[in-house]
Structure formats: structure tokens, C-alpha cells
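Below is one structure, written out as C-alpha cells; comments come after it.
In what follows, chains are A, B, ... by sequence order, proteins preceding strands, each numbered from 1.
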Amino acid sequence: MSAPLRPWPVVRALLVGAVIAVEWLDALPLPTLRPSHLKQPIAQAELARWTQLLNDLGVSVSEEELAERGLAVGEASIAFQKTAMAPFRPLKRLTQTGQSWGLFAYPDPFAGRLIVEAEVDGEWQPRFRAPERGASLLSRQMRYRRVRGVYDDLGDRHKPRGAYNRLVDWIAGGIFEAEPAVSRVQVRLDLVTVKLPGEGDEPPEKRRHARVRSRAKWAARP
Amino acid sequence: MSVLRWWVALLDRREGAGPQAAVRILLALVILLDWLQIGRLGLVQAIFAPEAAGGIGRPMSREPALWLYAALPAEQVAPLAYGAVLVLAGMLLVGLATRFSAAALVLLMAQLALALPATDRGIDMLIRNMLVLLVFAHSHRAWSLDAHVRRWLGWENGLVPAWPRYLVVMQLVILYFTAGLQKVASSWTPFGGFSALYIAMRDPAFAVFPPELVSALFPMTQALTAGSLLWEWGAPLLLLSLFYRDTRTRPGRLRALCNRLRIRELYLLLGALFHLGTAVSLQLGIFPWAVLALYPACFHPDELRAARARWSRE
């Protein structure tokens, strides 16, 4: 007959097991499609591609129907995960921990290129054009992963506001301080369309989310 | 033996603290280097200060209120918190008041993450996950000032519970496996031409190589896209290979084959190559290094000791 189990090792084993179960639950890759996702070009392209694929396989479905089903599944899985993880939310909030690992889950063929330009004597001059690897402070700042996160995440939205605008203010302020000859600063996130080799020429980059800041306004800030 | 008995026995094991200490040291190094870069680039105020003090974020308007920002004056919160993170990461590195350092660090970094959430990336969350684990782990029992203090006080450092090391391995498996399952974009499939890596390498936010070179390497990026997806899906193999290694005296052809082929070593080698490859070909910041910092946990302390002895002999 085997020896009786000691209480503490049993409690610890159950606790560790529970932690693992909760972490897996949090990490479950459930579809979380929201209506706002569907406005993005990549979502439209994915929708068209998967609809085509399903039709080719003999499943008759339209893009609208597929989107509707995706949203219904997304709504249900968001609700499930929200309910299941509710007891652990205070701890997650306190420690900002979690298990959400969408590492390049949707590589975006409609990406944004950050461009910073400064106006000197009426002429726009380049200061940064992603992904240049210049040695200037601005270039190193823009490439730093946390700053990149601001323009990559927020700038890709349909109409970026909030933090994107404040990032532009901050970039402009830095340039105005460093370069007295600059009268205006422009920051934009041009739309880059990536095509695969053999798919034809890529369309020219499209100006997007341009914001201009003037020295006069910057100098008059409170 | 019942499953419960096996589970209790597994989590009741004790071993040397080397791998846990190695994870602590490597992780602290990654944190220190990353945060020193924030200071060197003059980004402390921009990322962590409230808007009124020159920050891009609006931490004061968050609900529920952030205790860090409520406790300190707006002008000083960013430099003070930044300095505290550096000190705590340094303490974690040398193993001084290790558990306290890890706990304080995770609470502080959690508050700073909310100052401007877009600057907080997935890898920062992984680091915080591991810091929480280090609060409960015994990483301070080796290669640390704490271990020296314990010796000076006449306390044993001896063997420590192994379960924190197992949880680090589990974190790696969750990270890789669920990341693989989430890759449902058509570019990860044959229908999208296995073009995911090509598209990522062309994204100006992540690109390193010029577009012409990436286009010339397209077939290679396709192979690597398929390969990396298979490798991520294969993450449970890491657990299976560790289990087979642990039970190598038991019979079974699959077990014997797995041990003979050194599946664990092969999986980790491919992982290291994958991370080093992405570090070279994509602008990913600290991601590859922070994940690689967890790899020592995949080895038993005796293996690390043997490797160190072999290395010293050579």
C-alpha cells in the first residue's frame, strides 16, 4: 500500500494545476472578431479570400454571410472568455499579466509607413522615413519598439486620434526645439500595399493620416 | 500510481536552483538593457509621464485610478518610477532581496504599462508573467547575493522545489502553441502562398532588409513561414520529450525513439535559430532575447552543471 499523501504537497499540486488551467483558459485562441475589425483592409481581403476558398470547396456562402457568422462566433467567444476570466480580472489588472499571443497572427499587406518631414524656408525636408536605420536621435526613437507600438497600433486605425495626435505633437516639439529653422512639421502614415512576387506592380503609396504642426502654435502652447 | 499521486510527486520534487537563477539573471539583463535604452533615447517623460508633464499618454484619466500616478506629483512620477525600475532590475540581476525585487518590479511595471498602453507590447506581458513566478520561485538560492547572505547566516541553500522551473517550460509551450493556433490569416496557409513572413518583412514598421532583397528571398520566406508554423504547433512535443526523458527507464518504442533523437534539444535548437533569425531579419526589439532567457528552464540543473564542467575542462 502506498504512503498517505501529505497535505501541503497536495494543496500545492492542486494550486499549480489550477494556475496552469487558468493560464490555458486565458490563452485559448478563440475567435474574437468585432465589427471594427471588419473595417480594416486586411479583414476585407481575408474575408474575400476565405469566401472564395469555401465556394471553391463547394460551400456556398457570401462575404456578408461569412462576416455575420464570424461576428456571431466572435461575440460568443468574447462573452465566454470574459465570464470565465472574471474572477481573475483584479489580479490580472494589478499585475498586467495574461496569455494573449497573437504573434504576427495577421501580417498586414496594407501596412503604414511613418514619415516625418520638416519645413525649412518653404521646402519640406525628410527627417524620418520608416524603416530607415539612421543614426539620428529621431530615427532611433521612432524605431524603438515602444514608440513603434504607438504609431503601428493606433495609426493603422480608420481615423487615428488620441495618442497618435499626441505622438505627433511630441515629435514636432522635439524637432522645433532641436532645429530653430523649422517652421512646420508633418507626420503621416502612408498606406503601403504589399503584393507578392508575380502578383503585379504594387500601387504607389497613398498619403494617409497626415498631421501638420506649426511652430507658432507650438510656441503659444500653455 | 494514480494521476493525482504522480502530479503531487512531480511538483514535490527538489533540485538545484541553477536553471531558475539563470532565468532570473537573463530576464533581469533584458529588462535592464531595454529600460536603459528608454533613458538613452530620452523617452522617459514621453512614455511614462502624464500629458501635463510632457507625456504622450493620459494615465491620470484611467479608471480605476493608477495608484502610482495618484501618489506622486505629475512632474516627478516618470523619472522616479523609471529610476526605481532600474534599481529593482539591478537588484533582481544580482539577487538582492530577490523576491521583493520581483514583486515590486511587476507592480511598478504594471502601472507604467498603463500610462500609454500602446507602448506596452506582448513581450512586456511575458516578462511580467515571469516576474510573478519569480516571486514564488527559488531563483535567489543560487548565483545571488541572497544566497551569500543565507550562507553567512548559516542557512542551507541546498535543493529547491522544481515546480517553478516546470511552469517556465509551460509558459514557453503556451506561448508557442497558442501563437501557432492563432495564425489563421490566409497568408499562413497554402491558400495565401505561405506569404506571412514575406509580408511581415515588407512591413515598414518591422522591415530590416530592402524590399528587393526580400522579394528575391520569397521562396525561402515561404519555407520559413511553413516551418515556423509547424514548429509552433509542435510545442507540446517539448512537454512530451521532457516527460519521456524523465521516464526513460520505462519501455516503449516512441519513448526510446524520442530520447534517441533528442527531440527536446532539437526543438530548442530550432527555437533558438528561429529567434535569432527573426532578431536579424525583423525589428522586434527585445522579443527574441526575452523568450530565449527562459530556455535554461528546459534543462535539469544536473545537465547545466555537466555542461559547465565540460566547458571548464575544455
Side-chain angles (χ1 to χ4, degrees), chain A residues 2 5 9-10 12-13 16-17 19-20 23-24 27-29 31 42 46 49-50 53 93-109 111-114 130-131 133 137 140-141 143-154 162-163 166-167 169-170 192 194 196-197, chain B residues 1 4-5 7-8 11-12 37-38 41-43 46-47 51 56-57 106-107 109-110 113-114 116 118-122 125 128-129 132 163 167 170-171 174-175 178-179 181-187 191-193 195-200 202-208 215 218 283-286:
Chain A
S2 49
L5 292 168
V10 173
R12 183 177 55 195
V16 172
V19 167
I20 292 173
E23 297 300 321
W24 274 103
L28 274 183
I42 182 177
E46 283 294 313
R49 190 169 275 174
W50 283 109
L53 178 68
R93 193 183 295 134
L94 179 71
T95 56
Q96 288 297 301
T97 49
Q99 303 283 352
S100 175
W101 308 113
L103 312 174
F104 286 107
Y106 297 91
D108 194 353
R113 184 192 302 286
L114 184 75
R133 295 174 76 81
L137 179 63
R140 286 183 293 134
Q141 285 173 332
R143 288 200 315 268
Y144 178 56
R145 66 185 186 94
R146 291 175 188 263
V147 176
R148 190 181 62 220
V150 180
Y151 64 82
D152 191 40
D153 281 6
L154 302 172
R166 295 194 297 277
L167 174 72
D169 292 340
W170 177 77
V192 178
V194 176
L196 306 187
Chain B
M1 192 161 62
L4 177 67
R5 275 187 179 279
W7 185 242
V8 171
L11 296 181
D12 201 27
Q37 195 178 3
I38 297 174
L41 294 175
L43 293 169
I47 295 177
E51 197 180 2
I56 299 170
V106 76
L107 293 176
M109 286 170 79
L114 292 168
L116 181 52
T119 61
D120 192 68
R121 317 305 295 166
M125 187 170 70
R128 287 191 294 271
N129 289 355
V132 169
W163 63 265
L167 282 189
M170 186 59 81
Q171 173 65 88
I174 291 177
L175 168 73
T178 61
L181 291 184
Q182 292 209 34
K183 289 181 168 58
V184 292
S186 56
S187 54
F191 313 112
S195 57
L197 194 55
Y198 172 82
I199 294 171
R202 291 283 316 277
D203 187 328
F206 299 100
V208 170
S215 294
F218 183 58
Q283 292 191 56
L284 291 181
I286 59 168

Measure the OG-CG distance between B/Ser187 and A/Asp108 for me, rounded to the nearest 0.5 Å.
9.5 Å
Could you tell me the separation between the CH2 atom of B/Trp163 and the CZ atom of A/Arg12, rounded to the nearest 0.5 Å?
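The CZ atom of A/Arg12 is 7.5 Å from CH2 of B/Trp163, to the nearest 0.5 Å.
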Which heavy-atom pair separates [X] from [Y] by the least distance, and what is that distance?
| X | Y | result |
| --- | --- | --- |
| A/Trp50 | B/Val184 | CZ2-O, 3.4 Å |
| B/Arg128 | A/Gln96 | NE-O, 2.7 Å |
| A/Leu196 | B/Gly192 | CD1-O, 4.0 Å |
| B/Ser215 | A/Pro197 | O-CG, 4.2 Å |
| B/Gly122 | A/Trp101 | O-CZ3, 3.4 Å |
| B/Arg121 | A/Gly149 | NH1-CA, 3.3 Å |

I'd like to check [X] versus [Y] (side-chain heavy atoms, cut-off strictly below 4.5 Å). Are they in contact?
| X | Y | value |
| --- | --- | --- |
| B/Thr178 | A/Leu28 | no |
| A/Trp24 | B/Met170 | yes |
| B/Ile286 | A/Arg145 | yes |

Taking only Lys NZ, Arg NE, NH1 and NH2, and the carboxylate oxygens of Asp or Glu, determine whether B/Asp203 and A/Arg113 approach each other closer than 4.0 Å.
no
Determine, stepwise, if the pair B/Phe206 / A/Asp152 fulfils side chain to side chain contact (heavy atoms under 4.5 Å, CB included).
CA-CA 10 Å; B/Phe206 299 100; A/Asp152 191 40; 3.7 Å; yes
Which of the residues [options] is involved in the greatest number of heavy-atom pairs with chain A at under 4.5 angstrom?
| options | value |
| --- | --- |
| B/Ile174, B/Ile199, B/Leu11, B/Leu107 | B/Ile174 |
| B/Lys183, B/Met109, B/Met125 | B/Met125 |
| B/Leu116, B/Asp120, B/Val132, B/Ile38 | B/Ile38 |

I'd like to know whether A/Gln141 forms a side chain to side chain contact (heavy atoms under 4.5 Å, CB included) with B/Leu43, so could you lay out the CA-CA distance, the side-chain angles of the two residues, the decisive distance to 0.1 Å, and finally the verdict.
CA-CA 8 Å; A/Gln141 285 173 332; B/Leu43 293 169; 4.1 Å; yes
Would you say the side-chain atoms of [X] pair up with the backbone N or O of [Y], donor to acceptor, closer than 3.5 Å?
| X | Y | result |
| --- | --- | --- |
| A/Glu46 | B/Ser186 | yes |
| B/Arg202 | A/Val194 | no |
| A/Trp170 | B/Ala46 | no |
| A/Arg166 | B/Ile56 | yes |

Would you mind telling me which of A/Ala27, A/Ala13, A/Gly162 has the largest number of heavy-atom pairs within less than 4.5 Å of chain B?
A/Ala13
Which atoms of [X] come close to chain B, meaning under 4.5 Å heavy atom to heavy atom: side chain ones, backbone ones, both, or neither?
| X | answer |
| --- | --- |
| A/Arg133 | side chain |
| A/Leu53 | side chain |
| A/Val10 | both |

Given that the side chain runs from C-beta out, which part of B/Leu167 has a heavy atom under 4.5 Å from chain A: side chain, backbone, both or neither?
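For B/Leu167, side-chain heavy atoms alone lie under 4.5 Å from chain A.
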Between B/Ile47 and chain A, with a heavy-atom cut-off of 4.5 Å, which part of the residue counts as in contact: side chain, backbone, both or neither?
side chain
Applying side chain to side chain donor-acceptor pair (under 3.5 Å), run through A/Glu23 and B/Gln171 and close with a yes or a no.
CA-CA 9 Å; A/Glu23 297 300 321; B/Gln171 173 65 88; over 6 Å; no
Residues B/Thr119, A/Val147; criterion side chain to side chain contact (heavy atoms under 4.5 Å, CB included); working and verdict:
CA-CA 6 Å; B/Thr119 61; A/Val147 176; over 6 Å; no
Please lay out, stage by stage, how B/Asn129 and A/Thr95 fare under the test side chain to side chain contact (heavy atoms under 4.5 Å, CB included).
CA-CA 8 Å; B/Asn129 289 355; A/Thr95 56; over 6 Å; no
